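Computed from a prediction, not measured in an experiment: that's the story for all the values here. Any value given below was found using the heavy atoms of this structure, including those in side chains, with hydrogens, waters and symmetry copies removed.
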Amino acid sequence: QVHLVESGGDSVQAGGSLRLSCAATGVTLGRGCMAWFRQSSGKEREGVAGIKSDGTTHYEDFAQGRFIISRDNDKNTLHLQMNNLKAEDTAMYYCAATGESCFGRYIFDSRLFDSWGQGTQVTISS
């Protein structure tokens with residue numbers, strides 16, 4: 001059984017940085033595809049960043065250049081480094097995983113993922 005636990009969410013001021021982590025058990029991160037999604041109040045869940053089994057990374061436009069997704073295969077942990085945070089980044093952030101490679105698939109299609117964490121709250125004050 002796959003279990004994902006996010007951490008690192010916090011309240012920071014605009015312009016600050018946070019590093020989110022997602023510890024995984026029951027799945028080997030290096031063999032599958034993982035992504036970060038977020039959902040803010042009153043909005044639909046949206047993709048943030050994803051990483052495929054071959055290590056290729058993908059970012060939504062708002063995350064490009066500010067966020068970095070990485071994977072620590074030894075610790076089976078996914079990270080999201082978020083820099084230059086803005087008020088509009090305020091949301092609950094979720095990590096998602098699948099044992100599939102995601103090759104040829106749109107990584108921000110939430111239907112790809114069969115395992116989700118409980119989320120970690122990020123609040124940015126301006």
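Annotation: ring pair (Phe, Tyr, Trp, His ring centres under 6.0 Å) contacts involving residues 59-97, sequence neighbours excluded, are absent. Evaluation of the ring pair (Phe, Tyr, Trp, His ring centres under 6.0 Å) test over residues 2-52, restricted to residues two or more places apart or in two chains, returns Phe37-Phe113, Phe37-Trp116.
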In a table with atom names and distances, give each donor-acceptor pair under 3.5 Å that connects a side chain of residues 102-110 to protein atoms at least two apart or in another chain.
residue	atom	partner	partner atom	Å
Tyr106	OH	Glu60	OE2	3.3
Asp109	OD1	Arg111	N	3.0
Asp109	OD1	Arg111	NE	3.0
Asp109	OD2	Arg111	NE	3.3
Asp109	OD2	Arg111	NH2	3.0

Solution key, residues 8-20 side-chain donor-acceptor pairs under 3.5 Å, sequence neighbours excluded:
residue	atom	partner	partner atom	Å
Ser17	OG	Asn83	OD1	3.0

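Atom CZ of Arg31 and atom OG of Ser101 lie 13.5 Å apart (nearest 0.5 Å). Rounded to the nearest 0.5 angstrom, Met34 CE and Leu80 CG are separated by 11.5 Å. Atom NZ of Lys52 and atom CZ of Arg71 lie 12.5 Å apart (nearest 0.5 Å). Atom CD in Gln118 sits 4.5 Å away from atom CD in Glu6 (nearest 0.5 Å). A distance of 9.5 Å separates OG in Ser40 from CG in Asp89, rounded to the nearest 0.5 Å. Distance check, rounded to the nearest 0.5 Å: CG of Leu85 to OG of Ser126 gives 12.5 Å.
Although no hydrogens or angles enter the test, the distance criterion places a donor-acceptor pair under 3.5 Å between the side chain of Thr77 and the main chain of Lys75.
For the pair Glu88 and Arg38, the tightest heavy-atom approach, listed with the atom from each and the gap, is O-NH2, 3.8 Å. Here the closest non-hydrogen pair linking Leu4 and Cys22 is CB-SG, 3.9 Å.
Shown here are the salt bridge (charged side-chain N to carboxylate O under 4.0 Å, His left out) partners of Glu100, two or more places apart in sequence or in another chain: there are none. Residues satisfying the salt bridge (charged side-chain N to carboxylate O under 4.0 Å, His left out) criterion with Arg45, sequence neighbours excluded, are absent altogether.
Ile51 and Ile68 fall within the same hydrophobic cluster, where Ile, Leu, Val, Met, Phe, Trp and Tyr residues are linked whenever their side-chain heavy atoms come under 4.5 Å apart, directly or through other members.
No side-chain heavy atom of Cys33 sits under 4.5 Å from any side-chain heavy atom of Ser53.
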Quiz item: Are Val122 and Met82 close enough, and set up right, to give a side-chain contact (heavy atoms from CB on, under 4.5 Å), and what steps lead you there?
Solution: CA-CA 10 Å; Val122 171; Met82 305 190 295; 3.8 Å; yes

